[in-house]
Every structure is written in structure tokens, then in C-alpha cells.
Amino acid sequence: MRLSRLFGKRQREIPAEADNISHQLLLRSGMIQPIAAGIYSFLPLALRTLRKIEQIVREEMDNAGGQELLMPALQPLELWEKTGRHLAFGSTLFTLDDRRQRKLILGPTHEEIITFLVRHHVQSYKDLPQMLYQIQTKFRDEPRPRGGLLRVREFPMKDLYSFDTDESGLEESYQKMVQAYKNIYTRCGLPFIMVEADSGAIGGKESHEFMLIADSGEDEILYCKSCGYAANLEKAVSKRTSVEGGQPLPVEEIETPGVTSIAEVAGFLNITENRTLKAVFYMADGHLVFVTTRGDVDVNEVKLKNTLKCLDLRLAREDEVSQAGIVAGYASLVGLKGIKSVADESVTLGSNFAAGGNKPGCHLKNVNYPRDFNADILTDISLTREGDGCPKCGESLLITRGVEVGHVFKLGTFLSEKMGAYYLDQNGVQKPIIMGCYGIGIGRILAGAIEQNHDEAGIIWPVPIAPYQVYLGPIFIDKEGIAEAGERLYRELEEAGFEVLYDDRMESPGVKFNDADLLGIPVRLTLSPRTLKNSTVEVKKRGEKESRIVPLEGITGFLKDILMKKGS
RNA sequence: CGGGGUGUAGCGCAGUUGGCUAGCGCGCAUGCUUUGGGAGCAUGAGGUCGGCGGUUCAAAUCCGCCCACCCCGACCA
């Protein structure tokens, strides 16, 4: 490709709207163009990288036993009403009416469609297992698109669905996909981490996410250096530790006027925060829920939401709390009746806690579980923090940020049951098909790759997903045979099978070098009167400081070597 | 949806106590001179000042309503 003809202008200045690095570089390099919030055009350069990522994904899916197909983006809302998932997706679902006022949606994912398909084409255990996938555009009306391609409303995604007869089959499919995913990120040249995850709106049981480590990532990951445990913040658990509080003593009332927060209570009584009980109030699908934890523990709202099995969860407003007869600042579960309650396990890990007295200006000392209070649900709803003990080995957990570029779920049978996707087993017994689903955000890999691989000057593409492998930039192109030599070399490289971006522009060296750096093509070739005189060319790898002079004779072999080399 | 911010040429910005033909840098076009890390000079093209309405002799500038986009939070590949 001739740079003079390449569609998509590079920009010298950082676009004002772009805040994070991949967004800035994608815009500056002329790879994407926004048209509305979270909606972008992919220009030729970006599309080449996208296609390369897709190809790697496709090969790994095929290798793992997947079959590619293509489902419609346009889906009847009816299908979603059948599974009830239109409620879980809520207004994230793009909806529209056709000319007969039939409700349609733009698919945010394809479990409904694929299950419908499979229901019609699978009858017997002999038809299973199956792994079906597609690479297709997904639509999600995200509440807040952000970060360029990191979070958008229309995006290309690979989604594979597995169908098995039993749990061990699902486990096998799941492991095949995990391995395929690992292969994909490795082949793309992108360091990743696999973490335990919450399954969110998709539903289901076990779930893992694949993260590209990057500071701009939206997700927080807790991980253990010594045993390898890693989990998304919303899923992470920690080793729970008990607080020494001594033998249970009789409950005692204390006057605590104006003392409401945990910090104030602890200070007033001269005890540590983990010797108190915290009360937090949520509205779950419109109902007030009393949530209590030990004073040093924060609530993990995702865990709480899963525990309550509710669709909508938010902190309750003051008026909602007082309407329920609760005295904010002095509340506890001691003697409280008629309100749904959830307690974190931490309330059992200690004794003689300080808690609210359920009347203004009053707290209780020596509150003990379960002697003095109980909760409808006792479980882990704690927010794990950096420094907490690893649940597996007890070492201190570390925290980092990542960009989620893949997510695998064990779905089980709830979708197949709702959609009527059954098979007959060897004994002629009808059983629901066991499902798994596996997604990769192709466009997000592109953005994540830039987040991971850049410097002040621009992008540094890993070779396997670079839009072009070689940037060929003759300088002083108007001088003694340079243009001709450039054209000759361009032709030679293309004939040898290299993907070459040929900078045929009449520009100063500085302009060309800066553009080459911005675009991040892995290898830069510079042809100049100086090098040409000795029948040589200057070769510089994008990620390296030093360049070297190489004879034109045999240049294709030389390039092959450095492009193949690992880590380049 | 809550909180914050911004809309003036392709990009980055100035101008906003109302006042002349709306400016600057980059980029773009033409010409000459240049050229190993974003060259110089000259000439030139390019604007519904986010939109609608109002106030006024006069609005980018004041008032009202609306829209769009960005950032922080609740959600996700």
C-alpha cells in the first residue's frame, strides 16, 4: 500500500475528546472515526488489524472443534421474553418496531438465537456435543460508552456456544475453550491474565474472564503472586479472619449522642473498627434490605445482588430508611423484625461487637451472633481489598487493572429448559442440553493491544496483528535514483510476500519518521542517498532504539528472520 | 440515571465587560528555497461561532429552551 493513497489522515495534535492512550492513538493514526457516542467507523488500517485478530480467533476456534456460522443481528423480542433475559438486559437492549409494529431488537448476544437453532437441529445424544460460533456485530446501548473502542455500543465479537449432554462434557468443552483463548492472546502477542469472574447479565454458574493488564482498564483484578489465584474484584474472595473479642458478655446500652459513623463509634468507644457492626440499606427491586457487616468490611454489591437474586439494586435513600422505622446511624439487627436482612460472614468472626441500639443516641456493647441477632441470609457479601489474605494460600492479595477481552461461562440448562432445547439420551429419556458460552471482543483486543504496546511517539504493534509488517520510507525521494530504488524495493518485498506500507510521499525525514512511529509498523526501512550508495538500507524495529545498516542483497531473508523472532 | 465539563475552519485553541470584514498555530492548495527526527518565505482556499427562540440599532458574546460530545460513578466483550 502506498501511504500517499492510504485513506485516513494522521493527526499531529492530540484530539481534545480523547482521554486514554488507545483512543488518542487510534484517532491520531487515522484508524477510527467517531460518528456518535460509542459508535465508530473502522478505517482501512484498523480493519487490517481487526481482520488479523479475527483470523487468529477463527483458526483457534476451528482447532478446538468449533464450526462457524452466522446468525442475524436483528432478533424478535419475543424470543427474549421467553427466557426473561430482556429484563436483565433492560435498556441496554436496542429495540425497534418493524412496519407491522412487531418488536425487534439488535442482538447484544446470541444465546436465544443459537438455542432456537439447536432445538431444531439436535434431537439425540448422537447429535452432541456441538460447538458453534460466529464473528458478528453486537449492539448494546451502554449507559456510558467510553475510552474510544474500549467500551462501545456497536462492536465486533466472536461468540461460541457449546452444547453437551452432561456436566463432564461441559467441563471438557469449557477447558477446550480456555485453552483456545490462551492460544489466541498468546498468538496475538498480548500478555494476559485469566481470572475468576461473576457471570452478570448472561447468567450461569462458573465463569472466567481474560484480561489484558493495563492501567486504563475498567476492571480491578485481585491476584496472588505465590499461588496464582486471580479474580475480578466483584468476584474475589479472601481468607476471612477472626477478631478476638473475648468471652460473650451481657449486652450493655451506652449513650452515644451524635455518634453515627463506624469511625465515630470506634473512636468514641476506643475500639478498632473491626469490633463494630456496620448497617447499610439497599433497595432491591423496590424492597428495603438491611445489610450488615463487620465494621471493617465493605459491601460487594455484585455479591449482594447475586445473593438477593434481584435485577435492580441501589443504596436506599434516607427517607426510605426512616419510613421503615429505622434510625439511621443507630441501626442494628438486634431486636429488629419485619425487614429482609443479609449479614456478611464477618459478623460471626468475633465477639462482643458494638452495634446500633435502634434508637437515637444509643449504641449497644457486647453484641454477639447469633445470641443477640440473626439475619435472613448469612453469606459472603464482602468486598475484597488489596492486602487481604489469598483464599487459597493466605498470602497478601495484590490489585491491578485490566481490560476484559474475553469471557467464558458455564451456562448449564436454564436457557435450554426455557427455550425447549432437549435431547433424548441412550435410554430414550428427554433431557435439557447443557450449555456454555464464550465471547471475545475483537475491537477491544485492538484497543487493548495499543494500551499495552505504545510509547510517547505512538503505537508499537506486535507483529501478528500489525496492519502492515514493514514500513518502507525512502527519504530525499527527489534525489539521485532514490524514488526508483524505493519502487524497486517495494515491488521486491511485496513479491516476497511481505505486507508493506510504502511511504512514497515527498516529505522531510522528520515527518516520515514521526508518521512511521505513530503508525507503529514493526519494521521500518529507510532508503537514502547515503545507504543507497553502498547498496544498503537502514532497518529499525519499532520497539528498539538502535537501527542497523543491511545490504539490499538478501534483505528479504533478513526481514523474514527479524519478523519471525519471538517478542518482536 | 446522578455528578462535573466542553461545543468557534479538518485538528488544537483565542475571542464571550454586546460594536467594524471572527482571529492564531498546525494541516490543506500554488510557487520558490530547503531537507537524517514534525523546514522557511510568499500567495491562497476553508466558518450555519452546536441548534431554535428571545432581548437589542447591533449577539460568537446577554436571556430561555433544546441537542451533541467528553470525564467520574452504577453495567459489560
Side-chain angles (χ1 to χ4, degrees), chain A residues 8-20 23-24 27-28 30 33-39 57 88-93 108-109 135-160 181 197-202 207 209-212 217-219 232 234 282 301-302 305 311-315 317 402-409 437-448 457-458 473-479 482 506-518 524 526-531 538 540 547:
Chain A
K9 277 270 165 58
R10 286 145 309 282
Q11 284 175 21
R12 191 171 292 196
E13 306 206 51
I14 298 169
E17 69 184 55
D19 219 46
N20 74 51
H23 191 191
Q24 289 175 0
L27 288 168
R28 283 190 56 210
Q33 178 77 40
I35 188 68
I39 306 179
V57 168
F89 272 85
S91 46
T92 300
L93 219 47
T109 176
I135 295 174
Q136 211 230 26
T137 305
K138 299 289 191 264
F139 300 88
R140 297 184 185 176
D141 197 357
E142 294 289 346
R144 187 160 89 83
R146 52 159 293 219
L149 293 187
L150 285 177
R151 185 173 197 71
V152 290
R153 297 195 293 170
E154 174 182 330
F155 58 99
M157 169 168 150
K158 184 285 304 178
D159 44 325
L160 182 143
Y181 274 41
D198 182 72
S199 51
I202 303 283
S207 166
E209 287 169 343
F210 293 80
M211 301 276 190
L212 301 184
E218 289 184 275
D219 293 86
N232 193 312
E234 45 190 49
Y282 283 91
E301 295 190 0
V302 173
K305 197 170 168 183
L311 289 175
D312 182 55
L313 183 75
R314 60 171 174 83
L315 280 168
R317 293 189 310 266
V403 176
E404 182 189 349
V405 288
H407 201 160
V408 296
F409 304 82
C437 74
Y438 315 84
I440 286 187
I442 307 282
R444 200 181 264 181
I445 290 183
L446 178 119
I475 52 175
F476 310 116
I477 205 160
D478 55 335
K479 294 267 154 59
I482 293 290
M506 170 67 201
E507 286 288 355
S508 71
V511 170
K512 291 194 165 189
F513 292 148
N514 280 303
D515 272 348
D517 286 348
L518 175 62
R524 185 185 83 191
T526 307
L527 207 55
S528 69
R530 224 192 268 165
T531 64
E538 177 186 321
K540 183 177 170 300
S547 62

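Just so you know, these numbers come straight off a predicted model, no measurement behind them. Protein chains get the first letters and strands the later ones, always in sequence-line order, with residue 1 at the start of each.
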Atom pairs under 3.5 Å, N or O on each side, protein against nucleotides 43-49 of chain B: can you list them with distances?
none

Original post:
Does rC69(B) pair with anything, Watson-Crick or G-U wobble, both distances under 3.5 Å, and if so, with which nucleotide?
Top reply: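 rC69(B) is paired, partner rG5(B).
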
Subject >> For rC24(B), the Watson-Crick or wobble partner whose two distances fall under 3.5 Å >> reply: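 Across any shown strand, rC24(B) pairs with rG12(B).
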
Original post:
In a check of side chain to side chain contact (heavy atoms under 4.5 Å, CB included) between F210(A) and each of I445(A), V408(A), V403(A), I440(A), which one passes?
Top reply: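 Among I445(A), V408(A), V403(A), I440(A), the one that satisfies the side chain to side chain contact (heavy atoms under 4.5 Å, CB included) with F210(A) is V408(A).
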
Original post:
Atom OH of Y181(A) to atom P of rA77(B): distance rounded to whole Å?
Top reply: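 For the pair Y181(A) OH and rA77(B) P, the rounded distance is 10 Å.
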
**OP:** Take atom CZ of F155(A) and atom C1' of rC76(B), then tell me their distance rounded to the nearest Å.
**Re:**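 Checked: the CZ to C1' distance equals 8 Å.
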
Original post:
What integer distance in Å separates M506(A):CE from rG38(B):C1'?
Top reply: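 Between C1' of rG38(B) and CE of M506(A): 15 Å.
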
Subject >> Residue-phosphate contact under 4.0 Å: R12(A) side-chain N/O, rG27(B) OP1/OP2 >> reply: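 For rG27(B), OP1 or OP2 has a side-chain N or O of R12(A) closer than 4.0 Å.
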
Subject >> Counterpart base for rU55(B), defined by Watson-Crick or G-U wobble contacts under 3.5 Å >> reply: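 In the structure as shown, rU55(B) has no Watson-Crick or wobble partner.
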
**OP:** Check the geometry between F513(A) and rG36(B) and answer yes if their rings are stacked (centres below 5.5 Å, planes below 30°), otherwise no.
**Re:**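 It does not: the two rings, one from F513(A) and one from rG36(B), miss the stacking criterion.
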
**OP:** Spell out yes or no: do the side chain of R314(A) and the base of rC1(B) have one donor N/O and one acceptor N/O closer than 3.5 Å?
**Re:**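 Looking at the base of rC1(B), it does not pair with any donor or acceptor on the side chain of R314(A) (distance under 3.5 Å).
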
**OP:** Rounded off to whole Å, could you give me the CG-to-P distance for the D198(A) and rA74(B) pair?
**Re:**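 Between P of rA74(B) and CG of D198(A): 14 Å.
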
**OP:** May I have the distance from L315(A) (atom CG) to rA74(B) (atom C1'), rounded to whole angstrom?
**Re:**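 Interatomic distance, CG of L315(A) to C1' of rA74(B): 10 Å.
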
**OP:** Take the protein atom CE of M157(A) and the nucleotide atom C1' of rA77(B), then report the distance between them rounded to whole Å.
**Re:**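 The distance from CE of M157(A) to C1' of rA77(B) comes to 6 Å, rounded to the nearest Å.
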
**OP:** Calculate the interatomic distance between K9(A) atom NZ and rC26(B) atom C1'; express it in whole Å.
**Re:**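 Taking NZ of K9(A) and C1' of rC26(B), I get 13 Å after rounding.
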
Subject >> Pair assignment for rG47(B), Watson-Crick or G-U wobble, requiring both distances under 3.5 Å >> reply: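 Paired with no nucleotide.
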
Original post:
Is there a donor on the side chain of Q11(A) or the base of rG27(B) sitting less than 3.5 Å from an acceptor on the other?
Top reply: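 No such pair is found, so the answer is no.
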
Tabulated below should be each protein N or O lying under 3.5 Å from an N or O of nucleotides 67-71 of chain B; please produce it.
{"unit_1": "rC69(B)", "atom_1": "OP1", "unit_2": "A37(A)", "atom_2": "N", "d": "2.8"}
{"unit_1": "rC71(B)", "atom_1": "OP1", "unit_2": "G147(A)", "atom_2": "N", "d": "3.3"}

**OP:** Scan every strand shown for a Watson-Crick or G-U wobble partner of rU17(B), both distances under 3.5 Å, and answer none if you come up empty.
**Re:**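 Base-paired to nothing in any strand shown.
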
Original post:
Is there a donor and acceptor pair closer than 3.5 Å between the side chain of E538(A) and the base of rG36(B)?
Top reply: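 Yes, a donor-acceptor pair under 3.5 Å.
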
**OP:** Give one of base, sugar-phosphate or nothing for D478(A), where a contact means two heavy atoms less than 4.0 Å apart.
**Re:**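 Base contact.
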
Subject >> Identified pairing partner of rC41(B), criterion: Watson-Crick or G-U wobble below 3.5 Å >> reply: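 Checking every strand shown, rC41(B) finds its partner in rG31(B), with both distances under 3.5 Å.
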
Original post:
Going by modelled atom types, is there a donor-acceptor pair between the base of rG38(B) and the side chain of S508(A) at under 3.5 Å?
Top reply: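 No, the side chain and the base share no sub-3.5 Å donor-acceptor pair.
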
**OP:** Could I get the full list of side-chain contact (heavy atoms from CB on, under 4.5 Å) partners for R530(A), not counting sequence neighbours?
**Re:**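 Checked R530(A) against side-chain contact (heavy atoms from CB on, under 4.5 Å); matches are S528(A).
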
